[in-house]
Amino acid sequence: MIAAGAALVAMVLLQMLPFWVAVTTALKPMSDLSPQMFLPGAVYWGNFATAVTDGGILQAVLNSVVVTGVSTALVCVLGALAAYPLARHATRLNKGVMLFILSLLMIPPLSIMVPLYSMLTDINGVNTYWGIILVMVTLHLPVSVFLYSQFLRGVPVALEEAATIDGANLMQTLVRVVFPLLKPVTATVAILAGVSIWNDYSLSVFFLTDPSVRTIAPAVGAFFSQEGSNLGAAAAASLIALAPVLIAYLFLQKYFMKGMVAGAEK
């Protein structure tokens, strides 16, 4: 037990190390050359001011909240609607569609970045909310459809038949009977898609070059350039961007845990 406890403490400390370094770096001026692990002799708040004024991190956080929230909601709704007929009607066509969806999971997003950019340019979707949301939803829908379809196969058809006998049409059956049963897998899909979209850098930095619509990852990355880097401001921006995630986790941790357990069972 002692060895297990020591291993657990060591693991927690290892996980907290990057956060500690971010805190110490954010509280030091650029002239402070002491080791990053050490706290500064005097606390310096200028890095946070730089992150807000020069880096526009508050606007970036708002942009990320909009993009992540709308994209995750669409991934969940569209994924559930698309998965229902695939799970309930095992026709040869539906099996082929499911195989096609699974094949999309194997395509690296970076390999289609150039044609995506060309398409978004043609429809004026670059540097817009709806453009990056369209890209994020498209890339995360295959996982969503797969998870929902696998979960729906475990939902008894008798429940839907009973609702039909009671006079409910298809839409009423979906809304009142089927969708409420999908809460565990919806939490799983929301976690996977939401975290991925919130942390996305490679696509966001490519499609969002305007600072007014730039999300968190490109905003933090803007502090690093060939001319020089501002580690303190970048660390401060990262800590500011961490606040919405911590708040969301504190209020939704019960659903996160249920979603992870349900995802592991499936």
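Checking T215, V67, V213, I216 one by one against S204, the side-chain contact (heavy atoms from CB on, under 4.5 Å) holds for a single residue, T215.
Under the side chain to side chain donor-acceptor pair (under 3.5 Å) criterion, no residue pair touches residues 42-54, with sequence neighbours excluded. Legend: ring-ring contact (aromatic ring centres under 6.0 Å, His included) pairs involving residues 109-146, not counting sequence neighbours, sorted by first then second residue: Y117-F206. For residues 72-109, the set of pairs meeting the ring-ring contact (aromatic ring centres under 6.0 Å, His included) definition, not counting sequence neighbours, is empty. Screening residues 194-223 for salt bridge (charged side-chain N to carboxylate O under 4.0 Å, His left out), with sequence neighbours left out, gives no hits. The salt bridge (charged side-chain N to carboxylate O under 4.0 Å, His left out) analysis of residues 84-99, with sequence neighbours excluded, yields the pairs R88-E160.
In this structure, the separation between CD1 on I240 and OG on S238 is 9.0 Å, given to the nearest 0.5 Å.
Both L203 and L104 belong to a common hydrophobic cluster when Ile, Leu, Val, Met, Phe, Trp and Tyr are linked at side-chain heavy-atom distances under 4.5 angstrom. V66 and Y201 end up in different hydrophobic clusters when Ile, Leu, Val, Met, Phe, Trp and Tyr side chains are linked at under 4.5 Å. Hydrophobic clustering, with ILVMFWY side chains joined whenever heavy atoms are under 4.5 angstrom apart, groups I107 together with L116.
Listed here is the closest heavy atom pair of A193 and T72: C-OG1, 4.3 Å.
Other cluster members for L13: V9, joined by side-chain heavy-atom distances under 4.5 Å among Ile, Leu, Val, Met, Phe, Trp and Tyr.
Distance alone, capped at 3.5 Å, is enough to place a donor-acceptor pair between the S149 side chain and the V145 backbone.
Y148 places a side-chain heavy atom less than 4.5 Å from the side chain of T186.
Enclosure of atom CE in M98 by more than 12 non-hydrogen atoms of other residues, nucleotides or ligands within 6.0 angstrom is indicated.
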